[in-house]
Amino acid sequence: MGSEPPAEPTGDETDPAVAVELDGVTKRYGETAAVDGVSLRVREGEFFTLVGPSGCGKTTTLRLIAGFEEPTSGTVRFGGKSMAGVPPEDRDVGVVFQSYALFPHMTVGENVAYGLNFADPPEGTTRDERVAELLELVDLPDAADRDPESLSGGQQQRIAMARALAPGPDVLLLDEPMSALDARLRERLRAQVKEIQSELGITTIYVTHDQEEALAVSDRVAVMNGGTPEQVAPPRTVYREPATRFVAEFVGDNNVFTGSVVDAPAAPDGELAVDVDGGDETLRARTDADPGTAASVGDRIAFCVRPEHLRVASADDGGADESAAPAGENALRATVASAEFLGETTRVTLDWGDRELLVRAVDPLDGAVTVGFDPEDAHVIEVESR
Amino acid sequence: MTGVDGDRAADRGGRGDHGDRLARLREGVESHALTALAVITSAALVVAFYYPTATVLVEAVVVDGAVTLGVFADVLTDPFYFGELARLLSGESPAAVARSLLSPDRRLGIVGFTAYQAVLSTIASVALGLPAAYLLARFEFPGRKTLRSLTIVPFVLPSIMVAVGFVATFGDNGTLNAALTAFGLPRVDLLFTLEAVVIAHAFYNAPLVARVTTAAWESVDASAVETARSLGAGPVRAFVDVVAPQVYPAVLTGAALTFVFTFGTFPIVLALGGFQLATVEVFVYRLVRDLSYAEAAALAIVELVISLGVLLAYLRYEARNSTSTRGARPLPRRSLVPPAPTLRELLPRAGLAAYVAVAGVVFLAPIASMILASVTGGDGALTLDHYRFLVERQQTGAAFQVRPWPAIRNSLLFATGATLLALPMGVVVAVLTTRRYRGRTLVDAAAMAPLAVSGIIVGLGLLRGLVFGVEIAGWRIAASGAVAVVVAHAVSGYPFVVRTVSPGLAGLDRSLVESARALGASRARVIRDVELPLVWPAVVAGAAFAFAISIGEFTSTVVLATGADAYTMPVAIERFIGRRLGPATAMGVVLLVVTGLSFVVIERLGGEHRGL
């Protein structure tokens with residue numbers, strides 16, 4: 001598909017408080033580029049998340065920022081200063097690993113105090129006070145004399161966090177810190193991490209493969225694929241207006257339609273009519289003023305509709321067509337293939353021609369159904385001009 | 001929450017000017033400490049090993065100031081060294097050579113015989129080591145852990161002492177013949193036979209094979225076997241398909257090391273084989289004694305090439321096949337008492353029982369025989385005469401005679417010195433070889449080379465280099481024989497420090513190191529604060545290794561001790577064994593006791609007891 005990943009949102013360039021900047025950073029291992037020409041700006045005090053499937057380069061990006069790896073080309077800057085050749089110990093970063101990496105031969109207190117060998121605690125605080133303060137911060141005030149291995153996974157994670165924060169780093173780097181924990185605990189801990197982050201106002205770069213986690217905690221998210229970010233935007237924008245097909249499908253459930261434009265409005269924003277692949281229907285999708293999505297007749301196009309925006313009704317009900325697709329809306333005919341009961345809703349997979357559609361339903365569904373959606377809820381991702 | 005986001009840079013500024021400068025100085029030293037240590041270690045290796053060895057080896061190709069391959073050509077085409085193969089090198093047809101090799105009266109030559117006995121020794125070591133690994137890895141019984149730790153003992157026992165033990169077992173009046181006579185069986189004469197040499201080599205190397213194989217067997221994940229079983233493989237098939245492929249590389253490791261060690265064997269063959277069963281190393285010694293340095297050097301290079309070839313082939317194999325199965329659930333151990341009297345339960349246990357009987361004879365007889373011989377007189381009665389001889393020799397021995405106390409004192413002093421030298425060298429090399437960078441294998445091989453180079457040549461090089469003096473850039477470096485012995489021992493001991501410490505370092509979670517660095521610790525500081533404390537038991541084990549290697553070292557010591565007062569206990573034993581067995585066994589027992597006590601001391605000094 002022809003469209004390029006969009007540039008950083010404008011306004012970033014004029015923002016003076018850039019804490020961490022990656023400028024055309026590439027990291028190659030032999031022939032393969034783990035990180036491929038990444039340019040990013042992380043603002044002061046921001047909670048910034050790198051999210052993507054395994055192998056997308058997110059952890060390598062974090063390691064380049066921490067200084068564990070040197071870029072093959074490009075520059076990492078902290079507060080405008082190039083970090084080329086600066087070893088990790090001189091970068092003032094705090095790192096929390098997936099394995100927590102607590103030193104097993106030291107007590108919890110010694111672990112937290114370790115960074116204070118190389119940086120004094122803040123003015124007017126002693127080493128011991130600083131350790132106590134940090135343990136208090138992570139809600140484990142009595143753990144100082146304990147053996148790290150006697151702690152639960154969640155507690156170890158919090159100690160790792162306290163240890164990383166003790167020397168007062170400029171940037172906190174978190175590498176999948178929750179992925180070894182169970183779902184419940186993960187939700188609780190990510191709320192705590194977010195709370196600590198906003199309390200301290202510390203610039204935080206968070207790496208996760210879990211898109212839900214990324215949406216939940218971040219100020220901005222970079223969705224990475226194949227060593228490059230495909231979209232960098234606040235969580236809501238990433239969810240509602242995915243910039244690429246990859247982002248649309250990676251972040252949350254989505255239905256992506258492709259087809260040829262058969263009718264286009266004269267104005268930049270209006271409704272397109274699209275002959276979709278895999279079905280006989282002509283569907284209408286609303287374009288916005290975004291110049292990247294301006295289309296004319298004959299163009300190939302991809303757009304997506306979230307499952308929650310698809311209205312579905314059983315085709316056997318009298319007048320069901322109306323309830324699923326009021327006048328002016330798109331209508332499709334499909335059959336139920338399978339359903340997953342999730343509690344709050346049911347996630348239903350429909351067979352539509354030789355394609356699949358995902359919808360949400362409250363009531364059980366079976367057999368033939370009609371599906372409808374408002375052209376307003378269709379988001380155009382890619383346009384390929386003829 | 002005040003001050004949690006305090007700025008580190010600002011905190012540093014808060015110190016006084018003086019403190020600031022000191023801190024900067026310390027940081028500077030720390031950030032270059034690793035490089036400095038690497039440079040110092042390399043320099044030490046060059047002075048103590050590479051340069052002296054090179055000066056000797058170069059004689060093989062430089063004769064009267066001119067480069068020549070003549071000496072090599074002579075050695076390579078001499079049937080005395082290469083047997084029938086030499087004819088191949090001098091241009092005869094391969095078919096004729098092959099025919100001669102297949103005929104019963106083939107000549108192997110010294111090199112061929114050395115390889116032949118090394119292959120036999122390797123087979124014997126694997127045959128004796130594998131059942132031990134099976135027992136240790138798959139069965140649970142009281143004293144299993146102790147037995148597992150004890151498998152290291154034969155390997156670190158002084159070889160000359162073991163040789164004495166074997167003489168006491170297999171000799172004319174040895175315990176074996178005494179036992180045979182007692183049962184009315186005919187006497188056997190195993191001394192100075194290939195069999196005795198091979199059994200003695202197996203004594204040394206079978207435990208090594210057992211150790212590495214046990215470790216691999218224990219790391220086989222039980223769920224992999226269970227998966228195979230659930231997919232329809234029977235127990236034998238599951239063993240062949242799942243267990244064997246994971247254990248096999250370890251067996252190969254043990255076999256490769258055994259081959260290299262027995263190919264370069266010296267004291268065992270010298271004491272048990274004599275010159276009629278001479279191996280390359282024994283012959284190098286003889287050539288050196290006859291002052292035929294060029295020929296000795298050429299022969300040593302041939303030996304080195306073969307040993308290094310095997311080592312390198314093995315290292316490459318290891319690099320390709322190394323898998324880490326950490327955190328796996330090991331196979332459950334079975335009880336030695338059969339749960340049911342079925343054939344399938346009884347058969348392996350009966351086999352093991354037979355094995356234990358054989359192993360008991362091989363491993364315990366030499367030590368027991370030596371102790372027994374040291375308190376047995378010529379008439380067969382118990383006596384302390386041999387010990388009395390040692391005391392008398394100490395009191396009345398002439399200056400040129402070997403006396404016990406200087407030997408004990410020298411051994412302890414040299415071993416302490418060698419350990420203090422080998423430990424930092426080994427740790428630095430271990431740190432360097434567990435980093436990832438280009439050419440690491442080369443560094444690894446270069447650091448491990450002392451294992452493959454003839455101890456005679458290292459000794460000779462040090463003798464002519466360090467002891468007689470070297471001139472480097474106008475500085476004259478000369479050392480006493482004692483210092484040279486310490487250096488030689490450190491060189492032969494530090495590869496073992498590397499080999500014990502580096503697996504621990506390599507197995508450390510990389511994020512531990514990275515966490516410490518992110519918290520502000522320099523590379524060198526991380527080694528001190530995190531890595532070394534976590535592999536401390538391995539460091540202590542490495543120290544014990546270096547100490548034991550030094551106390552038992554014979555090959556280079558015998559070269560360096562000549563003419564000097566720098567003789568050690570093993571050298572003393574060799575001097576005694578030439579005359580009478582009694583005093584040699586008494587000296588052997590003294591060596592055994594001193595070595596044992598030293599191990600206890602090292603463990604105490606090392607702190608926590610976690611075993612080898």
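Because only heavy atoms are used, hydrogens play no part in the values below, and waters and symmetry mates are left out as well, while side chains stay in.
In this structure, the separation between CE on M106(A) and CG on D529(B) is 5.5 Å, given to the nearest 0.5 Å. Taking CG of L165(A) as the start and CG of L519(B) as the end, the distance is 10.0 Å to the nearest 0.5 Å.
Within 6.0 Å of atom CG in D145(A), 12 or fewer heavy atoms from other residues, nucleotides or ligands are found, so the atom counts as exposed in its surroundings. Within 6.0 Å of the CZ atom in R188(A), the count of heavy atoms belonging to other residues, nucleotides or ligands does not exceed 12.
Here the shortest heavy-atom pairing between L102(A) and L512(B) reads O-CD2, 3.3 Å.
The parts of F103(A) that come within reach of chain B are both its backbone and its side chain, each placing non-hydrogen atoms under 4.5 angstrom from that chain. Looking at L173(A), neither its backbone nor its side chain comes within 4.5 Å of chain B, counting heavy atoms on both sides.
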Legend entry - Audit row: R517(B), V95(A), side chain to side chain contact (heavy atoms under 4.5 Å, CB included) steps and yes/no: CA-CA 9 Å; R517(B) 293 207 68 186; V95(A) 183; over 6 Å; no

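Heavy-atom pairs under 4.5 Å with chain B were tallied for P104(A), A66(A), G124(A); the largest tally goes to P104(A). Counting heavy-atom pairs under 4.5 Å between each of A516(B), S515(B), S511(B) and chain A puts S511(B) at the top. Chosen from A101(A), G67(A), A160(A), P87(A), the residue pairing most often with chain B at heavy-atom distances under 4.5 Å is A101(A).
In this structure, H105(A) contributes its side chain and E531(B) its backbone to no donor-acceptor pair below 3.5 Å.
Between R525(B) and F118(A), the closest side-chain pair of non-hydrogen atoms falls below 4.5 Å.
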